[in-house]
Amino acid sequence: MSEHNYWTRPQRVSRRSLLRGAGVGVAGLAGAALIGCGGDDDEPDTGDGGTTATAGPGGGSATATGSPAAGAVKTGGIYRDSTITVAPHFSPFHPGADPSYVNTFRRFGYYDPLWEVRQTADPERLIKLSLAESVEFGDDTTVVVKMHEAHFHDQPASNSNSKVNARMLTAEDVVARIEYLKTDHEASSNPFITDQVTATAVDDLTVQFTMPAPFAFFYENDGLGNNSAGGRNYELPQEMLDETTLREDIPIGTGPYMYKSHQLGSREEVVKNPNYWRPDVPYLDGRTLTFIADSAAEEAAFRAGQVEDIDFSDLRQRDSVVGDLGDEVRALEYPSTSGMALIANVRRPPWNDERVRRALHRSINFERINNVVYFGSATPAWYFSEARPERFPLGREPVMDLVGYNPAEAKALLDAAKSAGAYDDREIALMLPVEAQTWVDSGALIAEDMQDVGFNVRTFTEVRNVYLQLAGPKDLEDMTKPSDFDLTMSVFLDYVYQKADSGSFWNNASLEDQEIEALVTQIEGTLDATERAELSNQFETLLAEKASNFVPILSGTLYHGYQSYVQGVDHELSQSGKGGAQLEYWLDV
Amino acid sequence: MRRYALRRLAFFVPVLIITSMVTFLAVNIVPGDPAVIVMGLEADRDALERFREANGLNDPLWKRYAEWGAGMLTGDPGRSLFGGNIQAELKARFPVTALLMAFSFGFTVLFGVLFGLLSAVFQDRPADYFVRTFSVFGQSVPDFYTLTLLLIIPSILWRYSPPFGWVPFWDDPLRAAQQVIPPTLILSIGAASILMRVTRSAMLEVLRQDYIRTARAKGLRERVVLQRHAIKNAVIPVLTVSGTLIAALLGGSVILEQITALPGLGVYTFQAVLQRDLTVVMTMTMYAAVVVLTTNLLVDLLYGFVDPRIRYQ
């Protein structure tokens with residue numbers, strides 16, 4: 001029997017082996033990692049297509065300004081896109097990580113909408129037919145929609161999907177969807193659907209929508225659902241219309257692309273739907289959507305040719321990339337549909353005094369903010385964005401004599417208000433949301449402008465979660481933001497919410513003025529576009545005349561870049577820059 | 001040792017309960033209404049109320065805590081407020097973070113220990129100055145800044161960037177390695193800098209001991225002196241710091257996953273915090289606590305393995 005000492009005990013060997021093994025393992029790991037540093041061979045996949053086809057309807061029309069002339073349409077290829085947020089589920093009706101995730105479905109086209117809305121004020125082009133073959137307006141409260149014959153995706157069975165594979169979309173599916181949105185309270189946050197729309201199936205392919213009273217926005221603004229989570233008129237098989245299935249199943253719709261795969265939180269792949277009801281589209285074989293949240297990382301991916309397009313974070317990034325890559329990329333710019341605004345709490349002095357509100361309007365030097373913060377690339381904002389002509393935007397110019405920058409008049413108005421006791425010179429708190437540096441910088445300049453004319457202003461920065469609470473109904477102490485406000489939302493509809501004191505974030509934006517509210521009601525019930533345009537302009541003028549407590553500041557410019565081989569994108573149709581629901585674009589490689 | 005390990009494991013229970021309570025209170029008392037964040041700014045009051053009701057946000061705190069705790073005990077933490085299945089998310093994301101941690105910890109130990117030893121052995125010589133300078137750099141420059149440079153500079157100079165869009169490691173190891181290397185290299189710089197300094201000082205301390213002088217005096221080769229007598233005795237503090245670095249690396253991976261678009265647990269937690277996704281924040285905090293506790297336990301057990309003189313009482 002041998003005697004063990006410290007150096008000869010059995011575990012000595014195992015311990016050494018382990019430590020040595022760990023060392024070798026780490027070295028091996030490093031070696032393997034270094035081998036992995038090779039070049040990236042990702043290139044745009046042209047698929048096995050690449051054949052030249054006849055351009056379909058709309059193909060190649062209205063391409064980007066300054067783009068090379070679009071050549072013949074090429075079919076095939078995979079379009080590689082990036083996103084800052086990835087859907088945690090595939091339901092188009094339930095809230096996602098961010099409202100913009102809904103755009104994923106729009107871009108990918110899992111679900112066809114019943115109809116889409118043209119971004120134009122031309123009354124003849126307000127509604128672009130999608131699944132609807134025809135839309136007939138009966139009396140002022142009835143719409144009859146006849147649908148194309150479309151089939152749901154022929155997907156591998158998955159939970160409930162096995163029951164619906166490739167069957168035809170019927171009017172009953174549409175009716176079921178409306179009823180579902182009325183009953184699944186988590187899915188629907190749109191009171192309009194709940195309260196007003198009744199859908200009935202006339203025959204297999206015809207649906208009739210009935211409303212108790214005329215409502216203009218039903219027709220012109222995706223009437224079945226205009227809220228922050230996007231449109232509600234995506235058509236799904238009725239068998240999938242329950243919360244669990246919608247959230248857990250793969251997406252099944254009638255759209256031009258079908259689900260292929262996804263890596264949770266990272267990547268989604270779709271392929272062309274071979275049975276799409278429009279046989280000529282899409283031109284592509286498929287698309288991929290990759291989660292890239294960081295702006296610098298997205299730039300790196302774009303420069304390396306890993307994605308076909310990019311949303312530049314600002315002018316400097318665009319100039320840098322375009323300067324380096326030259327003709328290999330195509331840069332576009334277009335006005336943002338959102339802008340920056342201040343909201344003053346009209347329920348609290350001094351903002352209930354019109355002179356004080358007008359002094360606020362008159363005190364802000366838009367040009368200085370534009371030059372200092374936005375490098376001259378922004379435009380003065382008013383209620384409705386120029387990018388949304390169907391809202392009949394009036395623009396700031398016609399009301400400049402009411403709300404334009406005039407510090408002398410602002411000071412005089414404020415002095416008068418102070419003399420009358422409407423403003424006791426108390427400190428006004430201006431909150432600056434920290435989510436964007438431009439908001440903070442703009443807010444600082446606004447505070448300076450206000451102080452110059454006699455306001456006593458204190459600025460403070462705040463995070464989103466907190467300011468959402470501060471801006472609740474009646475809670476807003478003084479004023480907020482500056483931050484983003486969405487001009488694509490109908491301010492008319494916002495007024496509907498405000499009138500109801502519904503708890504909307506925008507509640508404090510209402511002047512609570514009976515004359516304005518009556519005009520809004522009139523606009524909502526006016527179906528004639530020309531007449532509505534006149535009323536809409538009256539609405540905006542009235543807000544200026546009464547020095548609204550909602551003070552639009554500036555609307556930014558969006559910068560977008562494409563690889564130059566991306567052809568056929570119709571920017572007139574979709575100023576989102578990513579093609580929206582378009583199908584007639586291709587990769588010229 | 002087994003009894004010691006069991007005793008430490010039993011200690012996990014009160015620690016986790018306290019951690020969960022503190023986290024639960026913290027995420028519930030900070031301002032912000034998750035319903036508003038999920039449903040959007042324009043959601044009407046009724047819709048918000050329905051959402052709160054459906055997700056139990058109106059329930060008393062104790063009830064919500066109990067329900068969540070029961071779910072955790074059964075291995076099903078439930079759903080995110082945005083509807084995602086947390087368990088499925090964890091299953092999908094864990095391999096990403098695990099790979100990230102394995103690489104970054106590997107690089108940290110490799111660079112930290114190796115350069116720390118070099119620095120000590122070649123004290124006050126150019127190699128030592130270089131390592132110390134690099135260590136100061138590593139601890140001073142933020143990870144996210146270095147990583148952004150690492151991504152953007154090759155894309156400008158060579159039109160190269162790591163492939164984005166995660167593919168599971170075993171599906172395409174080369175692609176996964178390309179995705180993981182930049183963040184892990186960067187993540188390891190800061191941690192390795194700390195480890196370098198600890199290794200260096202521990203090694204210098206040992207090298208001044210009498211038994212090292214004795215070893216040298218009796219004619220042992222320097223390599224043998226270092227390997228057999230010095231390194232072994234310097235490794236205890238290194239082991240301690242390495243354990244704590246796991247937690248630091250786990251924290252650091254949050255931002256790096258976000259920048260490099262790696263769908264790991266870090267970015268999931270980060271987004272959940274921003275979005276006030278209470279259940280996800282709670283669940284992830286608990287998992288992080290378990291990882292830290294387990295690491296500490298493993299380190300403690302390793303002490304005895306590395307230095308047999310240590311006994312577990």
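All chains are named by letter (A, B, ...) in the order of the sequence lines, taking the proteins before the strands, and each is independently numbered beginning at 1.
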Can you say whether the rings of B:F107 and B:F103 are parallel (under 30°), tilted (30 to 60°) or perpendicular (over 60°)? perpendicular

Using a cut-off of under 4.5 Å on heavy-atom pairs, state which of B:T184, B:L262, B:I259 scores highest against chain A. B:I259

What residues, two or more places apart in sequence or in another chain, satisfy salt bridge (Lys or Arg N to Asp or Glu O under 4.0 Å) together with B:K91? none

Can a salt bridge be assigned to the pair B:E257 and B:R93 using a cut-off of 4.0 Å between side-chain N and carboxylate O? no

Checking B:I153 against chain A: side chain, backbone, both or neither under 4.5 Å from a heavy atom? neither

Residues two or more places apart in sequence or in another chain: which of them pass side-chain hydrogen bond (donor to acceptor under 3.5 Å, both in side chains) with A:D324? A:R303

Using a 4.5 angstrom heavy-atom cutoff, name the option from B:I156, B:V96, B:V180 with the most pairs to chain A. B:I156

So which of B:R79, B:E53, B:Q179 has the biggest tally of heavy-atom pairs under 4.5 Å with chain A? B:R79

